[in-house]
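What follows is a short report on a single structure.
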Amino acid sequence: MPLIRFGEFELDEQTFELRRNDSSIRIQHQPARVLAYLLNHQGALVTRKQIQNAIWGEDTFVDFEQSLNFCIRQIRITLNDQAEKPLFIETLPRLGYRFIGHAEKVREIGRAHV
């Protein structure tokens with residue numbers, strides 16, 4: 001099972017389940033997908049358009065701006081992150097977002113990590 005570990009969190013890339021210190025944390029599916037996308041582009045600027053294409057697709061007719069703002073807000077609440085002093089998600093005004101924490105991919109076999 002592919003996991004991305006960052007800080008005291010782990011995100012399962014397949015199921016989008018989030019854990020903190022081996023305890024499950026509730027996060028809605030769409031914010032979890034946005035988080036996974038940012039984690040997979042760690043340290044790089046990810047534009048709002050890139051997120052839109054990757055998560056919603058070009059043919060989706062939703063209020064994308066409001067949906068993305070909601071997702072980022074939910075991620076920050078879940079991770080106890082703040083836009084003013086980010087630990088994980090940095091906002092680059094008018095450009096997009098960047099995951100600034102340290103993240104690493106790990107594999108989980110049963111309960112053991114390798």
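When a residue number appears, it is its place in the shown sequence, counting from 1.
- Residues meeting the salt bridge (Lys or Arg N to Asp or Glu O under 4.0 Å) test with R73, sequence neighbours left out: none.
- Residues forming a ring-ring contact (aromatic ring centres under 6.0 Å, His included) with F70 (at least two apart in sequence, or on another chain): none.
- Counting non-hydrogen atoms of neighbouring residues, nucleotides and ligands closer than 6.0 angstrom, the CG atom of N21 exceeds 12 such neighbours.
- Summarising the hydrophobic clusters (Ile, Leu, Val, Met, Phe, Trp, Tyr; side-chain heavy atoms under 4.5 Å, direct or chained), the residues clustered with I100 are none.
- In this structure, CG on L35 lies 12.5 Å from CD on Q30, to the nearest 0.5 angstrom.
- Side-chain contact check for F16 versus I27: every heavy-atom pair is 4.5 Å or farther apart.
- The heavy-atom pair separating F9 from I25 by the smallest distance is CE2-CD1, 3.7 Å.
- Here the CD atom belonging to E104 is positioned 5.5 Å from the CZ atom belonging to R5, to the nearest 0.5 angstrom.
- Using a 4.5 Å cut-off on side-chain heavy atoms (C-beta onward), L18 and E10 make no contact.
- How far CG of L95 is from NZ of K49: 15.5 Å, rounded to the nearest 0.5 Å.
- Atom OH of Y37 sits about 14.0 Å away from atom SG of C71, to the nearest 0.5 Å.
- Side-chain contact between N40 and K105 is present, with heavy atoms from C-beta onward closer than 4.5 Å.
- No side-chain heavy atom of I72 sits less than 4.5 Å from a side-chain heavy atom of D81.
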Pairs of donor and acceptor atoms involving the side chains of residues 84-94, under 3.5 Å and at least two apart or interchain, shall be tabulated with distances.
{"residue": "E90", "atom": "OE1", "partner": "R98", "partner atom": "NE", "Å": "2.8"}
{"residue": "E90", "atom": "OE1", "partner": "R98", "partner atom": "NH2", "Å": "2.8"}
{"residue": "T91", "atom": "OG1", "partner": "R76", "partner atom": "NH2", "Å": "2.6"}

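- Annotation for A103 and L39: closest pair CB-CD2, 3.8 Å, computed over non-hydrogen atoms.
- The side chain to side chain donor-acceptor pair (under 3.5 Å) search around Q50 returns T47, not counting sequence neighbours.
- Atoms NE2 and CD, from H29 and E17 in turn, are 11.5 Å apart once rounded to the nearest 0.5 Å.
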Q: May I have the step-by-step check of side chain to side chain contact (heavy atoms under 4.5 Å, CB included) for V34 and Y97, ending in yes or no?
A: CA-CA 11 Å; V34 171; Y97 302 95; over 6 Å; no

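- Interatomic distance, D22 CG to E8 CD, rounded to the nearest 0.5 Å: 11.5 Å.
- Looking at residues two or more places apart in sequence or on another chain, you find no side chain to side chain donor-acceptor pair (under 3.5 Å) involving Q42.
- For residues 31-48, the set of pairs meeting the salt bridge (charged side-chain N to carboxylate O under 4.0 Å, His left out) definition, not counting sequence neighbours, comprises R48-E65.
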